[in-house]
Amino acid sequence: MKKIVTVIGARPQFIKAAAVSKAISEHPDLSEVIIHTGQHFDDNMSAVFFDQMQIPRPDYMLDIHSLSHGAMTGRMIEKIEDILLAEQPDLLMVYGDTNSTLAGALAASKLQIPIAHVEAGLRSFNMRMPEEINRILTDRIATKLFCPTPTAKENLISEGFQDFDSQIFISGDVMYDAALMFSERSIRPEGVDIPEAFILATVHRQENTDDLERLSAIIQSLNQIASEIALVFPVHPRTLKLLSNGGLPELSDEIFTIPPVGYLEVLHLLKNCQMVVTDSGGMQKEAYFFEKPCITLREETEWTELTDAGYNKICGSNSNTILKAFNHFRSKKIRFKPGLYGDGQAARLIATKL
Ligand code: UD1
Ligand code: UDP
């Protein structure tokens with residue numbers, strides 16, 4: 001029996017773990033111990049995913065959050081190291097690119113515990129993003145690299161990974177597995193009258209929220225879109241703090257702001273919206289899973305296969321570019337071809353390779 005310690009802490013990691021932890025639990029030769037760092041902690045950013053997606057309860061809850069990047073990562077490393085010493089796992093598994101990812105990987109590397117990285121090889125080529133640093137460092141010290149796409153593998157190869165002591169697999173994307181697993185159980189969010197026709201919007205990325213001028217420009221663009229079609233905007237706590245502080249343009253009445261919703265509710269919104277406007281990594285892919293065009297409020301994307309295919313347009317915070325993309329997607333029927341993120345069996349493949 002191989003013992004795996006999994007470190008998760010942020011919303012997208014719970015969704016990824018829902019697929020992979022299920023595959024691990026079904027594998028006769030694997031057992032899993034889950035550490036939740038606490039990076040995300042509100043019920044609607046954490047507990048709701050464990051409840052809705054039947055993710056096994058974490059064995060350890062670290063309650064480390066709301067700190068600077070360095071303090072958060074440092075405290076996580078210290079606590080994770082204690083647990084690894086007690087648990088003596090065969091392997092540590094991490095997902096994506098958050099501070100929880102890097103903390104888990106560094107703690108394991110110091111103890112020479114092999115590391116599996118799910119969502120390896122993603123690159124924005126923007127070293128100002130904390131996520132880019134987290135994923136490059138995690139990839140470099142991981143021993144099993146699970147790439148969601150061939151492009152992700154090519155990124156690793158171009159960085160010389162074929163000469164390193166690590167195994168690279170193209171697994172497909174576990175978020176696609178999750179979308180397929182839960183799509184039929186989607187539920188309408190309560191407490192808001194979802195308009196008949198709407199655009200789904202989310203904003204939380206540090207580059208947009210740390211810069212009030214950028215955030216103001218984004219809000220003005222959302223207001224302009226809302227003059228033509230309503231928006232449903234589940235607001236991430238990071239963004240809520242800024243909206244509550246004042247100093248930003250008023251949101252139009254046609255923007256329905258709601259607290260973050262659970263995964264089953266977000267699936268309902270994805271299925272029923274006309275378009276997605278977001279700076280989220282995960283939502284860009286989910287827009288594609290549900291055949292919705294996507295406007296990305298960033299200067300680049302890791303998910304370049306979506307932009308190459310014409311399903312997603314990179315617009316930054318420039319309102320002319322955003323509105324041009326909005327009009328393009330409204331006037332043109334996009335034909336989506338499936339298959340960019342695997343066949344929905346990524347989690348099973350990962351469990352086998354573990
Ligand atoms: C983190 C990840 C980002 C990921 C995002 C997913 C890093 C560097 N960033 O960004 O890659 O896209 O999660 O959503 O790891 N907060 C709450 N309640 C919560 C969670 C957060 O109030 O449940 C507040 C925190 O107190 C903090 C702010 O939101 O003030 C930001 O949280 P943090 O985890 O630092 O970064 P995210 O922006 O969520
Ligand atoms: N999500 C959710 N509720 C919301 C907004 C998003 O469940 O109110 C899900 C969304 O479907 C996606 C994931 O959270 O799978 C993405 O998380 P986020 O945008 O916070 O992070 P990123 O993917 O950018 O790292």
Side-chain angles (χ1 to χ4, degrees), residues 10-13 15-16 19 95-98 101 117-136 138-139 145-159 168-180 199-208 236 263 266-267 270 273 275-317 321-322 325 328-329 334-344 346-347 350:
R11 172 166 75 180
Q13 293 163 341
I15 294 165
K16 293 163 197 171
Y95 297 91
D97 53 22
T98 71
T101 313
H117 186 203
V118 176
E119 214 175 73
L122 270 287
R123 295 291 182 267
S124 66
F125 303 101
N126 175 358
M127 293 297 274
R128 291 180 55 77
M129 285 180 76
E131 292 88 350
E132 183 76 351
I133 310 289
N134 290 344
R135 54 171 94 99
I136 288 174
T138 303
D139 280 341
L145 295 150
F146 293 106
C147 299
T149 62
T151 310
K153 179 174 177 180
E154 282 159 28
N155 288 336
L156 294 177
I157 300 299
S158 71
E159 290 173 20
I168 305 176
F169 307 95
I170 299 175
S171 56
D173 194 313
V174 297
M175 284 194 108
Y176 184 46
D177 296 19
L180 292 178
I199 306 257
L200 174 60
T202 73
V203 180
H204 77 280
R205 187 87 26 220
Q206 180 171 312
E207 76 204 42
N208 288 331
H236 189 288
Y263 187 63
V266 97
L267 290 177
L270 283 160
C273 71
M275 200 185 297
V276 174
V277 180
T278 191
D279 60 8
S280 159
M283 300 271 290
Q284 291 177 59
K285 287 178 290 171
E286 288 166 337
Y288 162 74
F289 301 157
F290 292 95
E291 304 197 343
K292 305 300 159 104
C294 182
I295 292 177
T296 296
L297 304 170
R298 289 179 50 194
E299 303 300 332
E300 70 281 308
T301 183
E302 298 78 15
W303 305 104
T304 49
E305 49 286 324
L306 297 174
T307 45
D308 291 347
Y311 307 148
N312 181 336
K313 284 195 178 289
I314 299 299
C315 296
S317 59
T321 320
I322 294 170
H328 167 80
F329 283 137
I334 306 290
R335 290 190 197 290
F336 291 86
K337 284 203 200 109
L340 289 181
Y341 295 102
D343 58 3
I350 290 169

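These values consider heavy atoms only, across backbone and side chains, with no hydrogens, waters or symmetry-generated copies. Every value quoted in this text rests on a predicted model; they were computed, and no experiment measured them. Note that the numbering runs from 1 along the sequence shown for the chain.
When all heavy atoms of Gly344 and Asp177 are compared, the closest pair comes out as C-OD1, 3.0 Å. Among all heavy-atom pairs drawn from Ala120 and Pro148, the shortest one is O-CD, 3.5 Å. Considering all non-hydrogen atoms of both residues, Phe329 and Met275 come closest at CB-CE, 3.6 Å. Taking both residues in full, the closest heavy atoms of Asp343 and Leu180 are given as O-CD1, 4.4 Å, listed atom of the first, atom of the second, then distance. When all heavy atoms of Gly310 and Ile334 are compared, the pair lying nearest together is O-CD1, 4.0 Å. Nearest heavy atom pair, residue Ile170 against residue Pro150, reads CD1-CA, 3.8 Å.
Electrostatic pairing of Glu286 and Lys292 does not count as a salt bridge here, judged by no charged N lying under 4.0 Å from a carboxylate O. Note on Asp97 versus Arg123: no salt bridge recorded, every NZ/NE/NH1/NH2 to OD/OE distance being 4.0 Å or above.
Within the model, atoms CD of Glu299 and CE of Met129 stand 11.5 Å from one another, a figure rounded to the nearest 0.5 Å. Distance check: Leu340 CG to Thr149 OG1 gives 9.0 Å after rounding to the nearest 0.5 Å. Here Cys315 contributes atom SG and Ile322 contributes atom CD1; the two are 6.0 Å apart, rounded to the nearest 0.5 Å. With rounding to the nearest 0.5 angstrom, the CD1 atom of Ile136 is 8.0 Å from the CZ atom of Phe125. For the atom pair Leu200 CG and Thr278 OG1, the distance stands at 7.5 Å (nearest 0.5 Å). Residue Cys147 holds its SG atom at 6.0 Å from CD1 of Ile168, rounded to the nearest 0.5 Å.
Listed for the Asn208 side chain is a donor-acceptor partner under 3.5 Å among the backbone atoms of Leu297. For the pair Asn155 (side chain) and Leu122 (backbone), a donor-acceptor distance under 3.5 Å is absent. Remark: the backbone N or O of Gly316 is not paired with any side-chain donor or acceptor of Arg298 at under 3.5 angstrom. Within the 3.5 Å criterion, the main-chain N or O of Val203 finds no donor-acceptor partner in the side chain of His236. Side chain of Tyr288 to backbone of Lys337: a donor-acceptor contact under 3.5 angstrom is found.
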Take Arg135 and Glu302 through the test salt bridge (Lys or Arg N to Asp or Glu O under 4.0 Å) and record every step on the way to the result. CA-CA 11 Å; Arg135 54 171 94 99; Glu302 298 78 15; 3.1 Å; yes

Glu207 vs Arg128, test: salt bridge (Lys or Arg N to Asp or Glu O under 4.0 Å). Steps then yes/no. CA-CA 9 Å; Glu207 76 204 42; Arg128 291 180 55 77; over 6 Å; no

From CA spacing to verdict: salt bridge (Lys or Arg N to Asp or Glu O under 4.0 Å), Glu119, Lys285: CA-CA 13 Å; Glu119 214 175 73; Lys285 287 178 290 171; 3.4 Å; yes

Given the rule in the side chain to side chain donor-acceptor pair (under 3.5 Å) test, do Asn312 and Thr296 qualify, once you have shown the distances and angles that lead to the verdict? CA-CA 7 Å; Asn312 181 336; Thr296 296; 2.7 Å; yes

Candidate pair Gln13 and Thr101, rule side chain to side chain donor-acceptor pair (under 3.5 Å), full reasoning: CA-CA 9 Å; Gln13 293 163 341; Thr101 313; 2.9 Å; yes

May I have the step-by-step check of side chain to side chain donor-acceptor pair (under 3.5 Å) for Glu131 and Thr98, ending in yes or no? CA-CA 6 Å; Glu131 292 88 350; Thr98 71; over 6 Å; no

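Remark: aromatic rings of Tyr311 and Trp303 are distant, center separation not under 6.0 Å.
The aromatic rings of Phe289 and Tyr341 lie perpendicular to each other, with more than 60° between the two planes, well past the 30° mark.
Between Glu132 and Ser124, the side chains place a donor N or O and an acceptor N or O closer than 3.5 Å (distance only, hydrogens not considered). Under the 3.5 Å distance criterion, with hydrogens and angles disregarded, a donor-acceptor pair is assigned to the side chains of Gln284 and Thr301.
No more than 12 heavy-atom neighbours from other residues, nucleotides or ligands sit within 6.0 angstrom of NZ on Lys153.
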